[in-house]
Amino acid sequence: MQISELKDKYKGEECFVLGNGPSLNQHDLSKITDRYVFVVNDFHMHPLWPEFEHIFWSEASRISWLFGRFDDWKLRRLLKNKNALYFLRSEFKPINDRTKQFPEDRIYYFNWTNKRRIFDGDYEWDISKEIIFGGSAVITCSMALAQYMGFKRIYIMGCDTTYYYEVDKTFNNAYFYDWRKMPKRYWPRITDVRDLDTAYKSWKVIKKLFDERGIEIYNLSRGGKLDIFPYKDYEEVL
């Protein structure tokens, strides 16, 4: 399926963009299973994953496909949601054409590049051309998709932008889920720790550019370091 089909499909609507940070546990997500929701990576670990009716899942990492971390265990979990649309890098299309792992009527591919970087002040609004690197999957994929689809009010949750690893030298508080319940091959590694300072810079660029286009962004999660967006109370928003 062509990603250009989604241009302004939800023009003027509001959506929720969820990170995988621990602050996500502040919220009862059962209240938004019927809303438009963007998620990334291992959000399938949330017990409500199969229940979301309008959910957009993306992953930009090569690791999952090319280094054996994208196997039947993860596939089975992802496919439990019968409504999800899946977004992956275009280089994975030949693999899925051969393996038929994802349903063809629910998968979209995007061209991804790290030669252009949001934290350098660059941005690409037309993601049918390419999606550019922002320092995190939420910034790189979810925010890019949301603006391209025409959403005008974005509520972000679980985007903590905090160095949990450096606090206690473990990943125990890094995610909303217990990663030790995953197969060991999926456990976080030191190499998975991103430079969150660059992600924070990307968020600042996002705020400036989205403000200029009249796209509203509100943070519904307390805690963490992402303090550049106005806060709104989750219950009041609902």
Side-chain angles (χ1 to χ4, degrees), residues 16-30 32-33 37-52 55-81 84-89 92 101-102 112 114 133-143 145 155-200 202-203 219-226 234:
F16 294 80
V17 169
L18 310 185
N20 289 337
S23 68
L24 200 64
N25 289 324
Q26 299 172 6
H27 311 291
D28 178 5
L29 299 189
S30 68
I32 60 168
T33 54
V37 179
F38 291 82
V39 299
V40 297
N41 299 341
D42 290 321
F43 183 81
H44 59 82
M45 291 295 290
H46 199 283
L48 292 176
W49 161 250
E51 300 182 25
F52 285 88
I55 194 160
F56 311 99
W57 174 88
S58 57
E59 182 167 275
S61 173
R62 291 184 174 188
I63 294 174
S64 289
W65 284 67
L66 304 184
F67 296 101
R69 296 176 74 191
F70 205 98
D71 56 13
D72 288 342
W73 178 84
K74 186 168 182 176
L75 263 175
R76 285 196 302 270
R77 297 185 64 88
L78 287 172
L79 295 175
K80 283 182 179 179
N81 188 301
L85 297 182
Y86 305 100
F87 296 84
L88 290 166
R89 290 163 61 155
F92 302 142
Q101 290 177 304
F102 284 98
W112 182 90
N114 63 354
F133 184 52
S136 78
V138 170
I139 301 170
T140 303
C141 300
S142 297
M143 296 300 289
L145 289 165
Y155 298 114
I156 58 176
M157 303 159 62
C159 301
D160 300 338
T161 320
T162 304
Y163 285 104
Y164 291 97
Y165 177 79
E166 291 189 357
V167 172
D168 59 5
K169 299 304 179 184
T170 72
F171 293 94
N172 292 343
N173 300 312
Y175 308 101
F176 72 83
Y177 56 88
D178 185 351
W179 51 267
R180 289 161 295 193
K181 294 182 178 179
M182 305 171 74
K184 195 168 184 178
R185 60 188 173 276
Y186 287 97
W187 286 11
R189 303 165 298 182
I190 293 177
T191 53
D192 292 334
V193 178
R194 303 299 182 191
D195 183 352
L196 295 181
D197 287 338
T198 59
Y200 189 81
S202 291
W203 278 119
N219 190 354
L220 304 188
S221 296
R222 291 192 181 278
K225 295 171 61 177
L226 194 57
Y234 179 64

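Rounding to the nearest 0.5 angstrom, the gap separating the CD1 atom in Ile55 from the CG atom in Leu18 is 7.0 Å. Remark: Thr198 OG1 to Trp203 CH2 distance equals 12.5 Å, nearest 0.5 Å. Residue Ile156 holds its CD1 atom at 8.0 Å from CG of Leu220, rounded to the nearest 0.5 Å. The distance from atom CG of Asp72 to atom NZ of Lys74, rounded to the nearest 0.5 Å, is 13.0 Å.
With sequence neighbours excluded, the residues forming a side chain to side chain contact (heavy atoms under 4.5 Å, CB included) with Asn41 are Asn20, Glu59, Ala137, listed by chain and number. The ring-ring contact (aromatic ring centres under 6.0 Å, His included) test applied to His44 returns Trp73, not counting sequence neighbours. Remark: Arg76 engages no residue in a side chain to side chain donor-acceptor pair (under 3.5 Å) (not counting sequence neighbours). Asp28 meets the side chain to side chain donor-acceptor pair (under 3.5 Å) test with Ser30; sequence neighbours excluded. Annotation: ring-ring contact (aromatic ring centres under 6.0 Å, His included) contacts of Phe43 (sequence neighbours excluded): His46, Phe52, Phe176. Residues meeting the side chain to side chain contact (heavy atoms under 4.5 Å, CB included) test with Cys141, sequence neighbours left out: Ser58, Ala60, Phe110. With sequence neighbours excluded, the residues satisfying ring-ring contact (aromatic ring centres under 6.0 Å, His included) with Tyr234 are His27. Legend: residues meeting ring-ring contact (aromatic ring centres under 6.0 Å, His included) with Tyr155, ordered by chain and number and at least two apart, are Phe16, Tyr218.
Contact annotation: the side chain of Phe133 never approaches that of Ile139 to less than 4.5 Å [non-hydrogen atoms, C-beta and beyond]. By the 4.5 Å heavy-atom criterion applied to side chains, Val40 and Phe38 are not counted as neighbours. The closest side-chain heavy-atom distance from Gln101 to Leu79 is not below 4.5 Å. Using a 4.5 Å cut-off on side-chain heavy atoms (C-beta onward), Trp49 and Leu78 make contact. Met45 is listed as a side-chain neighbour of Arg77, based on a closest heavy-atom distance under 4.5 Å. Proximity of Val37 to Leu29: side-chain heavy atoms (C-beta onward) are nowhere separated by under 4.5 Å.
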Determine whether Tyr175 and Asn25 satisfy the following criterion, side-chain contact (heavy atoms from CB on, under 4.5 Å), listing intermediate values before the conclusion. CA-CA 9 Å; Tyr175 308 101; Asn25 289 324; over 6 Å; no
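Counting all heavy atoms, side chain and backbone alike, Val17 lies closest to Cys159 at O-SG, 4.3 Å. The two residues Lys225 and Tyr200 come nearest to each other via the heavy atoms O-CE1, 3.3 Å. Here the closest heavy-atom approach between residue Leu226 and residue Asn219 is recorded as O-ND2, 3.0 Å. The two residues Ser221 and Ser23 come nearest to each other via the heavy atoms CB-OG, 3.4 Å.
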